[in-house]
Amino acid sequence: MSADGKISTKDRRQVKISGSEDRRRVDALRADSDAIMVGVGTVLADDPSLRIKLEGLRRERLKAGKKENPLRVVADSRARTPPEAQVLGEDCLLAVSEIAPEDRVAALSNRAQVVVCGHDRVDLPKLLDLVFAMGVRRLMVEGGGSINWSLISSGLVDEVYVFIGPMVFGGKSAPTLVDGQGFGPNFVNLELISCQKMDGGILLRWRLPRPCPDG
Ligand SMILES: NC(=O)c1ccc[n+]([C@@H]2O[C@H](COP(=O)([O-])OP(=O)(O)OC[C@H]3O[C@@H](n4cnc5c(N)ncnc54)[C@H](OP(=O)(O)O)[C@@H]3O)[C@@H](O)[C@H]2O)c1
């Protein structure tokens with residue numbers, strides 16, 4: 001995110017915040033994950049491929065008996081992912097809800113494994129149970145602000161890595177790291193694990209508390 005906490009500009013287009021060192025770090029984190037998830041807002045705004053860029057990292061995964069790339073997961077209640085989106089293809093799981101139009105689901109079924117998970121919105125706890133049953137133990141989420149809010153406010157996140165880049169985007173409507181409706185007085189407190197200077201900015205790693213059994 002930018003120094004003022006935005007993950008994009010007010011135009012909501014993809015912008016380069018990291019430098020090469022941080023991009024390599026993100027690639028390595030992807031390679032260490034079993035799955036990578038985004039919300040459909042990120043697919044529509046950025047059209048990310050969510051695959052590992054460095055060939056060496058892909059080779060290491062193959063040597064370790066894993067697939068070349070982790071599973072790619074998109075939370076897309078209404079099946080709005082464009083059929084030409086880069087994220088689609090082998091090893092892509094598209095989670096839709098019961099209200100997703102049948103024709104769009106049918107069109108996307110050729111390009112991804114589609115699962116219905118939730119009535120009018122993707123039910124994230126259910127989706128995480130489902131990917132757990134598929135063998136996923138480490139899920140990396142690459143935003144955006146709405147899916148980050150849903151996951152954090154549901155107590156489904158263990159750790160947050162934030163690279164803060166040396167720029168200011170401003171703008172009330174620019175997306176932030178965590179959007180959604182926001183917490184009241186019972187906001188989430190984080191524990192700092194590490195901080196490191198990188199690419200003219202800083203990388204922070206935070207741990208989230210385990211949710212109480214009574215919610
Ligand atoms: N700097 C970075 O590292 C970074 C990374 C990623 C994104 N971004 C930026 O973030 C912006 C996109 O953020 P965003 O908030 O619009 O999109 P998002 O969080 O990627 O996706 C949000 C969408 O996911 C769908 N969704 C399905 N189930 C959900 C659930 N349970 N909770 C929340 N959402 C659910 C919703 O659409 P439906 O209701 O239709 O399902 C929702 O509108 C873009 O500007 C992008 O450039 C920046």
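When a ligand or atom number is given, it counts from 1 through the structure's own listing order. Since the structure is predicted, the reported quantities are computational estimates derived from the model, not experimental observations.
Under a cut-off of 6.0 angstrom, the local environment of NZ in K10 is sparse, with at most 12 non-hydrogen atoms contributed by other residues, nucleotides or ligands.
The proximity of D123 to ligand 1, defined as any non-hydrogen pair under 4.0 Å, does not occur for either the backbone or the side chain. Contacts of S146 with ligand 1, taken as heavy-atom pairs under 4.0 Å, involve both backbone and side chain. Counting heavy atoms under 4.0 Å from ligand 1, residue V122 touches it through both backbone and side chain. The part of A45 lying near ligand 1 is the side chain, judged by heavy-atom distances below 4.0 Å. Contacts between R12 and ligand 1, counted as non-hydrogen atom pairs separated by less than 4.0 Å, involve both the backbone and the side chain. When heavy-atom distances to ligand 1 are checked against a 4.0 Å cut-off, E142 comes that close only through its backbone atoms N, CA, C and O.
In terms of protein heavy atoms, atom 43 (O) of ligand 1 is closest to R80 NH2, 3.8 Å. S150 OG, 3.7 Å is the protein heavy atom nearest to atom 30 (C) of ligand 1. Protein heavy atom nearest atom 24 (O) of ligand 1, with residue, atom name and distance: V40 N, 3.5 Å. The protein non-hydrogen atom at the shortest distance from atom 23 (C) of ligand 1 is G41 N, 3.7 Å. In terms of protein heavy-atom proximity, atom 27 (C) of ligand 1 is nearest to S77 OG, 3.3 Å. Nearest to atom 42 (C) of ligand 1 among the protein's heavy atoms is R121 NH2, 3.5 Å. The nearest protein atom to atom 19 (O) of ligand 1, hydrogens excluded, is given as I147 N, 2.9 Å; this is a heavy-atom distance. Ranking the protein heavy atoms by distance from atom 7 (C) of ligand 1 puts T42 OG1, 3.2 Å first.
Of the possible donor and acceptor atoms, none in the side chain of R30 sits under 3.5 Å from a partner among the backbone N and O of I36. Side chain of E142 to main chain of V38: no donor-acceptor pair is present (N/O by atom type, distance under 3.5 Å, no hydrogens or angles). When atom types are taken as modelled, the side chain of S77 and the backbone of R121 share no donor-acceptor pair closer than 3.5 angstrom. Between the side chain of D179 and the main chain of T176, a donor-acceptor pair closer than 3.5 Å is present. Checking side-chain atoms of R72 against main-chain N and O of E90 turns up a donor-acceptor pair under 3.5 Å.
Close N/O approach between V38 and ligand 1 is not found [any backbone or side-chain N/O within under 3.5 Å]. Polar contact with ligand 1: present for I7 (N/O pair, distance under 3.5 Å). Between D179 and ligand 1, a contact under 3.5 Å exists for no N or O pair. The shortest N or O to N or O distance between G144 and ligand 1 is below 3.5 Å.
For the pair D46 and ligand 1, a heavy-atom separation below 4.0 Å is found. For the ligand labelled ligand 1, residue L124 lies inside the 4.0 Å heavy-atom shell.
Considering only residues two or more places apart in sequence or on other chains, F183 meets the ring-ring contact (aromatic ring centres under 6.0 Å, His included) condition with W149.
Listed by number with element, the atoms of ligand 1 under 4.0 Å from a non-hydrogen atom of D76 are 41 (O).
Which of G165, P175, A75 comes nearest to atom 26 (N) of ligand 1 through a heavy atom is settled by distance: it is A75.
One finds no salt bridge joining E21 and R25 here, because no Lys/Arg side-chain nitrogen approaches an Asp/Glu carboxylate oxygen to under 4.0 Å. Under the 4.0 Å criterion applied to side-chain N and carboxylate O atoms, E68 and R51 are not assigned as salt-bridge partners. The pair K126-D129 does not meet the salt-bridge criterion, since no charged nitrogen lies less than 4.0 angstrom from a carboxylate oxygen.
Between G39 and I147, the closest heavy-atom pair is N-CG2, 4.0 Å. Here the closest heavy-atom approach between residue F163 and residue M198 is recorded as CE1-O, 3.2 Å. Smallest separation of non-hydrogen atoms from V43 and T81: CG1-CG2, 4.0 Å.
Within 4.0 Å of atom 47 (O) of ligand 1, at least one protein heavy atom is present.
Put simply, the side chain of F169 reaches to within 4.5 Å of the side chain of I17, judged on heavy atoms.
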